[in-house]
Asker: 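Submitted below is the structure of interest, expressed as structure tokens.
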2 protein chains.
Amino acid sequence: MEQQLREHLEQVVPLTDEEFALALSHFSGRRFRKHQFLIQEGHPVPCAYYVVSGLLKLVHTDEAGKQHILSFAMEDWWESDFRAYHTQTPASLALECLEDTAVFCLTLPDYHRLCAALPKLERFFLHKATLGSMAAQQRILSLLTTSARQRYEQLLAQHPALVQRVPKTLLAAYLGVSRETLSRLSA
Amino acid sequence: MEQQLREHLEQVVPLTDEEFALALSHFSGRRFRKHQFLIQEGHPVPCAYYVVSGLLKLVHTDEAGKQHILSFAMEDWWESDFRAYHTQTPASLALECLEDTAVFCLTLPDYHRLCAALPKLERFFLHKATLGSMAAQQRILSLLTTSARQRYEQLLAQHPALVQRVPKTLLAAYLGVSRETLSRLSA
DNA sequence: CCACCGGTGTGATGTAGGTCACCGGATACT
DNA sequence: AGTATCCGGTGACCTACATCACACCGGTGG
């Protein structure tokens, strides 16, 4: 699992053995089981998480109790309630396991220490943040321009595996439609 | 206008006079007038822009010819079609002046050179990218959870000045509703 | 074996918002 | 002045999707 993290980092910045050891020393590995929460709404957000294996949902629950899924975090994803993480305020989102999951945790102080100790990783995080913000913009555009059916078809095309792994109810909460409408789209 | 850029950078990372001079040498200042395009769909995207003054829209036009506004770029904003910029592919978005506008331009090679020459600025861009991606996530959430009316009221609360500066038609294209519905919301 | 529950389909009905068509006031161009 | 173009309001109608209600199936645990 260390190896996987190393390859992930090295897809962006090459690292010597010593550099990787230094980086690794800032992370801690943890395992969670289905239905466990890494982040709960209203609680502090200690870490950002790199997902080694498993699947999680990043979700907001509105006043009416309805769930809205911001993203599914799969293998090789970074996930957290980044607003709450960076500002050290209570979470407005929950991060919950949909499957048994292994992650590397990075606390905020460790994140800052790591960037200071190894500026290369600052480049890595800059790269990830840039990609993340481009993806988010794409999703905004897709919410602005396309119908529920089109978004579902896009999702099928881009993440066919996900559609298998996840109950339709959750896909609906991700796409921004009701369970029932999603069900009727297959026709 | 140099002073404004300097203050903007220094809100995140302090700079010596020499450092700022070095940074500044990578930018070029330009002025555009209302209705001019900094980026056109289908064209290459030479630069990222820091807006000194004025107002622009970042917009996508769909097959039906309808405009969807991803963001309004105001004073102190960074804007571009970042996907096209970073991947050096043709733009899928247009960036057009809504008012006479002054910007600093940063080409992609200059961006890389600047980060290499002055790692502090890497930290600056990381900071901006992080904020940008948090804001985008917030907007996704707002599109998933709230009605047109609520989004309009949020916009009124958060950017009252913008609502004055911009025709309602464009606000509608930003909020993801038709001009007509937005017009009826005031009631 | 049965009760329960998570996941899914489907009908009936309600509604937010889209679309089309038209109008009237304000600039702006010549 | 006169005309076009932008901007915004409003009525009539339509459609995509939400909501509510119910029914079915396949576990899983007492």
Side-chain angles (χ1 to χ4, degrees), chain A residues 33-37 55-57 59-69 72 96-100 140-156 161-187, chain B residues 33-37 55-57 59-69 72 94 96-100 140-156 160-187:
Chain A
R33 274 183 301 134
K34 193 169 170 170
H35 298 308
Q36 283 192 294
F37 288 81
L55 182 61
L56 308 102
K57 63 175 178 183
V59 70
H60 172 78
T61 306
D62 66 22
E63 325 76 56
K66 277 196 350 193
Q67 302 214 147
H68 304 272
I69 294 183
F72 294 104
E96 180 185 353
C97 296
L98 300 177
E99 302 174 359
D100 294 357
I140 290 171
L141 199 52
S142 139
L143 287 169
L144 284 178
T145 57
T146 67
S147 69
R149 143 163 276 127
Q150 284 171 301
R151 283 188 313 254
Y152 181 53
E153 281 161 7
Q154 283 173 18
L155 185 67
L156 271 172
L162 192 66
V163 181
Q164 312 300 11
R165 270 166 98 174
V166 166
K168 298 286 170 68
T169 309
L170 294 182
L171 292 181
Y174 174 82
L175 294 169
V177 275
S178 70
R179 212 209 80 222
E180 294 91 330
T181 337
L182 182 62
S183 162
R184 284 185 251 261
L185 288 185
S186 318
Chain B
R33 274 182 304 135
K34 193 168 169 170
H35 296 133
Q36 283 192 293
F37 287 82
L55 182 62
L56 309 104
K57 63 175 178 183
V59 70
H60 172 79
T61 307
D62 67 22
E63 324 76 55
K66 277 197 349 194
Q67 301 213 148
H68 304 273
I69 294 183
F72 295 105
E96 180 184 354
C97 296
L98 301 177
E99 302 174 359
D100 294 357
I140 290 171
L141 199 52
S142 139
L143 287 169
L144 285 178
T145 58
T146 67
S147 68
R149 146 162 274 127
Q150 285 171 301
R151 270 175 274 146
Y152 181 53
E153 281 162 7
Q154 282 173 20
L155 185 68
L156 272 174
L162 192 65
V163 181
Q164 313 300 11
R165 270 168 97 174
V166 166
K168 299 285 170 69
T169 308
L170 295 182
L171 292 182
Y174 174 81
L175 293 169
V177 275
S178 70
R179 214 207 79 224
E180 294 91 330
T181 357
L182 182 63
S183 161
R184 283 185 253 260
L185 288 185
S186 319

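Letters go in sequence order (proteins before strands), and every chain restarts at 1.
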Asker: Can you measure Gln67(A) atom CD to dG6(C) atom P for me and round it to whole angstrom units?
Answerer: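 Distance check: Gln67(A) CD to dG6(C) P gives 13 Å.
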Asker: Figure out the CD/C1' separation between Glu180(B) and dG24(C), and round it to whole Å.
Answerer: 16 Å
Asker: Any idea which of dG17(C), dG8(D), dG9(C) is nearest the Pro167(B) side chain?
Answerer: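 So the side chain of Pro167(B) is nearest to dG8(D).
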Asker: Round to the nearest Å and state the distance from Leu171(B) atom CG to dG8(D) atom P.
Answerer: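 Distance check: Leu171(B) CG to dG8(D) P gives 8 Å.
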Asker: To the nearest Å, give me how far apart CZ (Arg179(A)) and C1' (dT19(D)) are.
Answerer: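 Whole-Å distance recorded here is 11 Å.
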Asker: Partners of Gln154(B) by side chain to side chain contact (heavy atoms under 4.5 Å, CB included), sequence neighbours excluded?
Answerer: Ser142(B), Thr146(B), Gln158(B)
Asker: Does a nitrogen or oxygen in the side chain of Lys66(B) sit under 4.0 Å from OP1 or OP2 of dG18(C)?
Answerer: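 No, Lys66(B) has no side-chain N/O under 4.0 Å of OP1/OP2 on dG18(C).
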Asker: Is Thr169(B) touching bases, backbone alone, or none of the nucleic acid, heavy atoms closer than 4.0 Å?
Answerer: sugar-phosphate
Asker: Is there a side-chain contact between Gln36(B) and Glu96(B), using heavy atoms and a 4.5 Å cut-off?
Answerer: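 When only atoms from C-beta onward are counted, Glu96(B) and Gln36(B) do not touch, as no gap falls below 4.5 Å.
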Asker: Quick one: Leu175(B) CG to dG18(C) P, roughly how many Å, whole number?
Answerer: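 Result: 10 Å.
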Asker: Is there side-chain contact between Tyr174(A) and Arg151(A), with heavy atoms separated by less than 4.5 Å?
Answerer: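 Heavy-atom side-chain distance check fails, nothing below 4.5 Å.
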Asker: Whole angstroms only, please: what is the CG-P distance between Leu182(B) and dG18(C)?
Answerer: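 Spelled out: CG on Leu182(B) to P on dG18(C) is 10 Å.
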Asker: Hey, does the side-chain of Arg184(A) have a donor or acceptor N/O within less than 3.5 Å of a partner on the base of dT19(D)?
Answerer: yes
Asker: dG8(D), dG17(C), dT8(C): which one has an atom nearest the side-chain heavy atoms of Val177(B)?
Answerer: dG17(C)
Asker: Of the listed nucleotides (dG17(C), dT8(C), dC17(D)), which one gets closest to any side-chain atom of Ala148(B)?
Answerer: dG17(C)
Asker: Would you please confirm or rule out a distance under 4.0 Å between OP1 or OP2 of dC17(D) and any side-chain N or O of Thr181(A)?
Answerer: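 Answer no for this pair, as no side-chain N or O of Thr181(A) is under 4.0 Å from OP1 or OP2.
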Asker: Does a side-chain N-to-carboxylate-O contact under 4.0 Å join Glu153(B) and Arg149(B)?
Answerer: yes
Asker: What is the distance, rounded to the nearest whole Å, between atom CG of Leu185(A) and atom P of dG9(C)?
Answerer: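 Rounding to the nearest Å, CG of Leu185(A) and P of dG9(C) are 11 Å apart.
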Asker: What is the distance, rounded to the nearest whole Å, between atom CG of Leu98(A) and atom C1' of dG6(C)?
Answerer: 14 Å
Asker: Okay, side chain of Thr145(B), backbone of Leu141(B): is any donor-acceptor separation there less than 3.5 Å?
Answerer: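 Yes, the answer is positive, given that a donor and an acceptor are paired below the 3.5 Å cut-off.
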